[in-house]
Amino acid sequence: MEHARVKEILNRNKSGGNVVIKGWLKTARHSKGFSFLEVSDGSCFSGIQVVAGEGLDNYDTEIKKLLTGCAVSVSGELVDSPGQGQKYEIKAEKIAVVGLVDSDYPLQKKRHTYEFLRTIAHLRPRTNSFGAVFRVRNAASKAVHHFFQERGFVYLHSPIITASDCEGAGEMFKVTTLDLKAPPRDEAGKIDYKQDFFGREAHLTVSGQLEAEIAAMALSNVYTFGPTFRAENSNTSRHLAEFWMIEPEMAFCDIRGDMDLAESFLKYVLQSVLNDCPDDMQFFNDRIDNTVLATMESIIKTPFERITYTEAVDILLKSGKTFEYPVTWGCDLQSEHERYLTEDHIKRPVIVTDYPKTIKAFYMYLNDDDKTVRAMDVLVPKVGEIIGGSQREDRKDILLKRIGELNLNEKDYWWYIDLRRYGSVPHAGFGLGFERIVQFMTGMGNIRDVIPFPRVPGYAEF
RNA sequence: UCCGCCUUAGCUCAGCAGGCAGAGCAAGUGGCUGUUAACCACUGGGUCGCUGGUUCGAGUCCAGCAGGCGGAGCCA
């Protein structure tokens, strides 16, 4: 008899019949003559209570000794539970002990700190919190693909190793097979990367955007969703050295279409997670952050505010608030500014557009004022910037001028410039850190707790 | 990288005025016929982060280092 998942059993509309489940004990309560075992298989937030009586042939030898964490296979009858707190329970007819635990099993029935659980990342998926996090992460991931697939976007696998050092977004990890103790040198005494694996310097990708633009110029609408690496020495609750990024790119699209896509994307993913993981989301709302459900629902319902950078600066100047970093037109918006805009002033997500060209990347579309570019940042309460995007500069002469102004080397961008020579069209896209959105939905304070195995400066265990 | 706080049993934490190292949970043993972080009793469990200093005496005071956390910068 094939075994059932706990989720399916709990969703049944009536008890009765024989079931087989396999899972791990969340807790075991032993009394004289019988035991209650709560078995979880990760299929949903809740486990199911198993009642084991002393009539079982291995009751004295095995069942009585079961501890939290033991793996079991249970077959029995699904019955209505007379106790409080659960609809059904399983009256065990046979319990096979599949895997015992040593007595130093670190997970207990009480609350653990997230700091401690990070040190046992191989066991933390078994906790309520992390089970819920990973199910929500999965649901969000599924929603990302569904959203784009339903709209005819092509999933593009952009490279993880890149030899172009022109991506320009942050510090990169080097990829090499050279002997670091004695690398080959050229005549000037510099490391000779011609002898390296790729015949040139190579790095882990910091963005798939430029490759996504290539694909968009043929397939019209594409998206990437893959691992991304930043070698920055960032020690914060919002940064990882390895994270997952989503980058859609649309041909024949301007900044307005980009904003529309970003807004419907966020709403879609949030709604999908609410639909797929109601119990997990209820848990986050009850135990982690009692505003997550209300915030998500209001984001889904309310149109996002849209303001320009210039308007944002005005709002900040007129706010009467003193910020640690003073606001002037031309400065980059700091976390405190973004938070004031989205949390205090507008009180919902806001898309800020048309930033000064001096604080944005070379590839963003230059406005007619010659001062601002068609960039857009989506700011949400609590997290701040969750999406950053832009309409891309599709005019070759202006792109070349911008590359010159920023003292970049045209040669490094030869293929990117080529795209502006061969059938160039207006196009736009954005980037989104996947963990940021999972953080936002779950209310988890530290980004290290929404990815199974976090990589941060000084730490890559597991 | 900068600023601040923290580090005592497997976990969460007390401890003070510088004078024998504590509790709850977990684990072990026993008890209990419906539990829900079950309950009751008993037992075992410690390099008080590391190094140095002050002192008759340091978990406690001082310095340095390491690790963790929070905030900031960089950024998604």
Side-chain angles (χ1 to χ4, degrees), chain A residues 26-38 46-55 64-65 67-69 79 81-86 89 91 101-120 123 127-128 167-172 205-209 227-247 287 323-325 332-336 338-339 359-361 377-380 383-389 430-440 445-451 456-459 461:
Chain A
K26 274 268 163 63
T27 160
R29 292 179 291 272
H30 303 287
S31 292
K32 183 175 176 73
F34 65 94
S35 299
F36 295 105
L37 312 174
E38 191 190 337
S46 175
I48 189 162
Q49 175 160 287
V50 171
V51 186
E54 63 187 336
K64 251 165 62 173
K65 296 173 183 152
L67 303 171
T68 300
V79 298
S81 177
Q84 298 293 305
Q86 63 273 319
E89 63 187 26
K91 202 170 169 178
V101 299
D102 287 355
S103 66
D104 60 354
Y105 185 66
L107 291 175
Q108 298 167 25
K109 299 174 232 187
K110 64 171 208 165
R111 216 194 143 270
H112 288 292
T113 61
Y114 292 120
E115 292 79 20
F116 171 65
L117 292 173
R118 261 171 241 154
T119 69
I120 51 167
L123 300 173
T127 63
N128 288 336
E167 296 189 15
E171 295 295 310
M172 304 174 88
T205 184
V206 292
S207 165
Q209 181 199 315
T228 308
F229 308 87
R230 302 277 167 90
E232 276 136 20
N233 192 10
S234 297
N235 291 288
T236 81
S237 54
R238 302 191 315 283
H239 290 87
L240 294 164
E242 177 184 292
F243 64 99
W244 286 66
M245 190 150 68
I246 298 153
E247 294 175 297
R287 303 295 286 272
F323 295 104
E324 192 186 337
Y325 292 84
D332 208 350
L333 297 182
Q334 303 293 322
S335 298
E336 57 174 345
E338 295 178 345
R339 294 184 64 139
I359 57 171
K360 289 291 181 183
D377 283 358
V378 180
L379 312 180
V380 297
V383 172
E385 183 188 331
I386 200 164
I387 287 180
F430 60 78
L432 160 91
F434 184 59
E435 284 75 17
R436 292 262 174 97
I437 197 174
V438 178
Q439 242 191 308
F440 178 70
N446 196 312
I447 201 166
R448 297 168 196 204
D449 300 326
V450 297
I451 190 167
V456 295
Y459 192 80
E461 189 69 60

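Quick note: numbers below take in every heavy atom, side chains included, and nothing from hydrogens, waters or symmetry partners.
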Mind checking A:S35 for me? I need base, sugar-phosphate or nothing, with any heavy atom below 4.0 Å counting as a touch. nothing
Can you check the distance between B:rA26 and B:rA21, where both ends of the measurement are the P atom (answer in whole Å)? 27 Å
Which heavy atom of A:V206 sits nearest to which heavy atom of A:E171, and what is that distance? CG1-O, 3.9 Å
With A:F243 via ring pair (Phe, Tyr, Trp, His ring centres under 6.0 Å) - residues at least two apart: none
Which part of the nucleic acid does A:Q334 contact within heavy-atom distance under 4.0 Å: base, sugar-phosphate only, or nothing? sugar-phosphate
Please name all residues satisfying ring pair (Phe, Tyr, Trp, His ring centres under 6.0 Å) with A:Y325, sequence neighbours left out, ordered by chain then number. none
Based on Watson-Crick and G-U pairs with both distances under 3.5 Å, what dot-bracket line describes RNA chain B 5' to 3', crossing pairs as [ ] and inter-strand pairs as |? (((((((..((((.....[..)))).(((((.......))))).....(((((..]....))))))))))))....
For A:L432 and B:rC75, give me the distance from atom CG to atom C1', rounded to whole Å. 14 Å
Which heavy atom of A:G445 sits nearest a heavy atom of A:S237, and at what distance? O-CB, 3.4 Å
Per the atom types in the model, does the base of B:rU35 pair as donor or acceptor with the side chain of A:Q84 at under 3.5 Å? no
Tightest non-hydrogen contact, residues A:R29 and A:Q49, listed as NH2-OE1, 3.2 Å
Please name all residues satisfying ring pair (Phe, Tyr, Trp, His ring centres under 6.0 Å) with A:Y114, sequence neighbours left out, ordered by chain then number. A:F130
From B:rA38, B:rG34, B:rC13, pick the nucleotide closest to the side chain of A:Q49? B:rG34
Is there a donor N/O on one and an acceptor N/O on the other, under 3.5 Å, for the side chain of A:S234 and the base of B:rC75? no
Look at all strands and tell whether A:N235 reaches a base, only sugar-phosphate, or nothing, counting heavy atoms closer than 4.0 Å. base
Scan nucleotides 25-33 of chain B nucleotide by nucleotide, 5' to 3', and note B when protein non-hydrogen atoms come under 4.0 Å of the base, S if they reach only the sugar-phosphate, - if neither. BSSS---BS
Exercise: identify the closest heavy-atom pair between A:L37 and A:H30: CD2-CE1, 4.4 Å
So for A:E89 and B:rG34, does any side-chain atom that can act as donor or acceptor lie under 3.5 Å from a complementary atom in the base? yes
With a 4.0 Å cut-off on heavy atoms, is A:T228 in touch with a base, just the backbone sugar-phosphate, or nothing at all? nothing
Contact class for A:Y325 (heavy atom, under 4.0 Å): base, sugar-phosphate, or nothing? sugar-phosphate
Taking only the C1' atom of each, what is the distance from B:rA58 to B:rC16 in whole angstrom? 11 Å
Of all heavy-atom pairs between A:E89 and A:S81, which one has the smallest distance, and what is that distance? OE1-OG, 2.9 Å
Would you say the side chain of A:H239 and the base of B:rC75 hold a donor-acceptor pair, judged only by whether the two atoms sit under 3.5 Å apart? yes
Distance, P atom - from B:rC62 to B:rC6, rounded to whole angstrom: 11 Å
Using nucleotides 64-68 of chain B, report all nitrogen or oxygen pairs with the protein that are shorter than 3.5 Å.
none

Looking at every strand, decide which applies to A:F116 at a 4.0 Å heavy-atom threshold: base, sugar-phosphate, or nothing. sugar-phosphate
5'-most contact on RNA chain B: A:T236 or A:A241, nearest heavy atom basis? A:T236
Between CZ of A:F323 and C1' of B:rG73 the distance, given in whole Å, is 18 Å
Determine the Euclidean distance between corresponding P atoms of B:rA9 and B:rG49; express it in Å to zero decimal places. 8 Å
To check you understand the geometry: which heavy-atom pair defines the closest contact between A:P106 and A:F116, and what is its length? CB-CZ, 4.0 Å
